There are 2 protein chains.
Amino acid sequence: MTGGDDLGIVDALAQLSFLTQHALAKHAAGQDLSLIQTRLLGVLRDREPTMQELARLLGLDKSSVTGLVDRAEKRGLVRRTPSRQDRRAVRVELSASGRRIGRRIADGFEADVTSVTRSLSAAERKQLSTLATRVVMSYACPQAQADGNP
Amino acid sequence: MTGGDDLGIVDALAQLSFLTQHALAKHAAGQDLSLIQTRLLGVLRDREPTMQELARLLGLDKSSVTGLVDRAEKRGLVRRTPSRQDRRAVRVELSASGRRIGRRIADGFEADVTSVTRSLSAAERKQLSTLATRVVMSYACPQAQADGNP
DNA sequence: TATTGTTATACTCTATAACTATA
DNA sequence: TATAGTTATAGAGTATAACAATA
C-alpha cells in the first residue's frame, strides 16, 4: 500500500511547502496573527534590525514594513527605538509579549511537525532534516557547492 | 565545511517552505500573478469545480473565491460556466491562456527546484522526494499509517 | 546628493454578514 | 428551510511615488 507513489521532487516540495505554511498559519491564527506578522516575530527573535534591514530580511518594500511594524507595535508585539549611530534610522525589537506569543506559535508548529512526521522512522526524520537543511543552505549560500570555488 | 550543521526538522521544514514559496512567487510575479492566483491555476489544471468546491480546495471563504475568480476571469485566465445539474451553481474552468501561463510558471519553478537541489546527488534527490511525498501523503490521509487501524 | 523612514494612494486578498435565486 | 453564489463592507498586506529629516 505504501508502495511506489512519488510525487516527484517538484510537486513534492511545492505541496510540502503549502502544507507547512498552512500549519504555520493555523497556529498563527490561533494567536490572532497573520503569517507575515509571525515571520516578523521570528526574524526579530535574535535580531534588532533597522527598518531597512527588516525590509531586506522579509523581502518587502520599506513602505510595506512601515505598515507591518505599525500594526505590530499597536498590538504591543514590537517596539521602535531610535538608533544612536544614525539619527535617521530606527531599530525594531521584540517586546516580552511579542517574544512570548512567537514562542507559543513556534511550539504549536513544532508539535504539528512532530505529528506529521511521526510516520517516518527516526533515521528517516534525520535524513529529511539533513537534506532540507542542505537545500536551504545551498540556497542561502549558492557558492558553497561541492567544489569550493571562490 | 559542509560538516554537521543541521537546522533540525522543525526549522529546516519551515525555512524550506519559505524558500519554496518565494521561488513560486517569483515566477508567478514574472507572469504578473500573485501566489494565490497561481494556486488557482494549479488547482484548475485537472478539475472544473464549482465555486463551493474551489473554496474548499483553496481553504478560503466562498466570498473570497468570488473576488479571486472575478479578477482571474477579467484577465482571461478562467471562465465561469453554468452547471447543468444545479442552476444555482457555476463551474470554473481554465482558459487556454490560463493553462499556458500556469504551465510557464510551473516550468520556471521546476527549473529553480532543479537548480536549488543540484548540490544533492541523484540518490539524495530521490530520497528527499520520497520523504517529502510521504509527509504530504500522511498529512492528506492521516489514517494510512504504519499499522492500519480503522 | 544619497539614504532612512513615513505618507498618500491604489490594488489584491480575505472574512463576516446580508442578500438573491434555486433546491 | 437549506444551499450556491454574489454583494457590501471592513481591514490587512503590498508596491509605487513623493516627501521629510539626516548623512
Side-chain angles (χ1 to χ4, degrees), chain A residues 18 21-22 24-26 28-43 48-93 101, chain B residues 18 21-22 24-26 28-44 47-93 101:
Chain A
F18 282 119
Q21 298 271 309
H22 182 263
L24 258 177
K26 184 183 65 182
Q31 301 298 319
D32 203 39
L33 281 186
S34 68
L35 208 39
I36 184 64
Q37 289 284 345
T38 301
R39 260 191 92 192
L40 174 62
L41 299 188
V43 160
E48 294 187 8
T50 65
M51 296 294 280
Q52 178 89 336
E53 290 163 351
L54 206 41
R56 189 184 48 74
L57 287 164
L58 296 173
L60 296 175
D61 188 85
K62 55 183 179 164
S63 67
S64 304
V65 176
T66 294
L68 199 61
V69 170
D70 279 352
R71 291 184 290 272
E73 198 170 25
K74 199 174 300 180
R75 300 176 58 166
L77 302 171
V78 307
R79 202 181 301 120
R80 279 177 170 97
T81 60
S83 164
R84 261 89 60 186
Q85 294 89 356
D86 186 338
R87 286 198 331 223
R88 293 171 301 180
V90 300
R91 299 213 158 262
V92 184
E93 59 182 339
I101 291 181
Chain B
F18 282 119
Q21 298 270 310
H22 182 263
L24 257 177
K26 184 183 65 181
Q31 301 297 321
D32 203 40
L33 282 187
S34 69
L35 207 41
I36 184 65
Q37 289 283 346
T38 301
R39 260 191 92 195
L40 174 62
L41 299 188
V43 161
L44 293 179
R47 285 184 200 84
E48 294 187 8
T50 64
M51 296 295 280
Q52 179 88 337
E53 289 163 351
L54 206 41
R56 189 184 48 74
L57 286 164
L58 296 173
L60 296 175
D61 188 85
K62 54 184 180 164
S63 66
S64 305
V65 176
T66 293
L68 199 63
V69 170
D70 279 352
R71 291 183 290 273
E73 197 169 25
K74 200 174 302 181
R75 300 175 58 166
L77 301 172
V78 307
R79 200 181 303 121
R80 279 177 169 99
T81 59
S83 164
R84 261 90 60 185
Q85 294 88 355
D86 186 336
R87 285 199 330 225
R88 293 170 302 179
V90 301
R91 299 214 158 261
V92 184
E93 59 182 340
I101 291 179

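Quick caveat: nothing in here was measured; it's all calculated off a predicted structure. Only heavy atoms go into these numbers, but all of them, side chains included; no hydrogens, no water, no symmetry mates.
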inquiry  = At a heavy-atom distance below 4.0 Å, which nucleotide of DNA chain D is the first touched by chain A, and which is the last?
reply    =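 So the outermost contacting nucleotides come out as D:dA12 to D:dA23.
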query = Mind checking whether B:Leu33 and B:Arg75 have side chains closer than 4.5 Å, heavy atoms only?
reply =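 Touching, per the 4.5 Å side-chain cut-off.
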task = Please tell me if the side chains of B:Val92 and B:Leu44 come closer than 4.5 Å, counting only heavy atoms from C-beta onward.
result =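 Of all side-chain heavy-atom pairs linking B:Leu44 with B:Val92, at least one is under 4.5 Å.
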inquiry  = Any residue in residues 86-93 of chain A with a heavy atom nearer than 4.0 angstrom to DNA chain D? Just list them by number, or reply none.
reply    = A:Asp86, A:Arg87, A:Arg88
ask   = Going by number, which of residues 53-67 of chain A have a non-hydrogen atom under 4.0 Å from DNA chain D?
value = A:Leu60, A:Asp61, A:Ser63, A:Ser64
inquiry  = For the CD atom of B:Glu93 and the CG atom of B:Leu77, what is their distance to the nearest 0.5 Å?
reply    =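 Result: 13.0 Å between the selected atoms.
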key: Atom pair CG/CG of A:Leu58 and A:Leu68 - distance to nearest 0.5 Å   = 6.5 Å
Using whole Å, report how far [atom1] of [X] lies from [atom2] of [N].
X: B:Gln85; N: C:dT22; atom1: CD; atom2: C1'; answer: 14 Å
X: A:Gln21; N: C:dT14; atom1: CD; atom2: P; answer: 13 Å
X: B:Asp32; N: C:dT12; atom1: CG; atom2: C1'; answer: 12 Å
X: A:Arg80; N: C:dT4; atom1: CZ; atom2: P; answer: 16 Å
X: B:Leu40; N: C:dT14; atom1: CG; atom2: P; answer: 11 Å
X: B:Asp70; N: C:dC13; atom1: CG; atom2: C1'; answer: 13 Å
X: A:Glu73; N: C:dG5; atom1: CD; atom2: P; answer: 13 Å
X: B:Arg71; N: C:dC11; atom1: CZ; atom2: C1'; answer: 9 Å

query = Is the backbone of B:Thr50 close enough, under 3.5 Å, to the side chain of B:Glu53 for a donor and an acceptor to pair up by distance?
reply =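 Looks like yes, one N/O pair under 3.5 Å.
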inquiry  = Given 3.5 Å as the limit, does a donor-acceptor pair link the side chain of A:Ser64 with the main chain of A:Leu60, or not?
reply    = no
task = State plainly whether the residues B:Glu73 and B:Arg79 are in salt-bridge range, i.e. N to O under 4.0 Å.
result = no
By side chain to side chain contact (heavy atoms under 4.5 Å, CB included), which residues pair with [X], not counting sequence neighbours?
X: B:Ser63; value: B:Asp61
X: A:Ser83; value: A:Gln85, A:Asp86, A:Ala89, A:Arg91
X: A:Ala25; value: A:Leu35

request  = Indicate whether OP1 or OP2 belonging to C:dC11 is found under 4.0 Å from a side-chain N or O atom of B:Arg75.
outcome  = no
query = Any idea which heavy atoms bring B:Leu57 and B:Arg39 closest together, and the distance?
reply = O-NH2, 3.7 Å
request  = Report which part of the nucleic acid B:Ser83 touches: base, sugar-phosphate, or nothing (heavy-atom distance under 4.0 Å, all strands).
outcome  = nothing
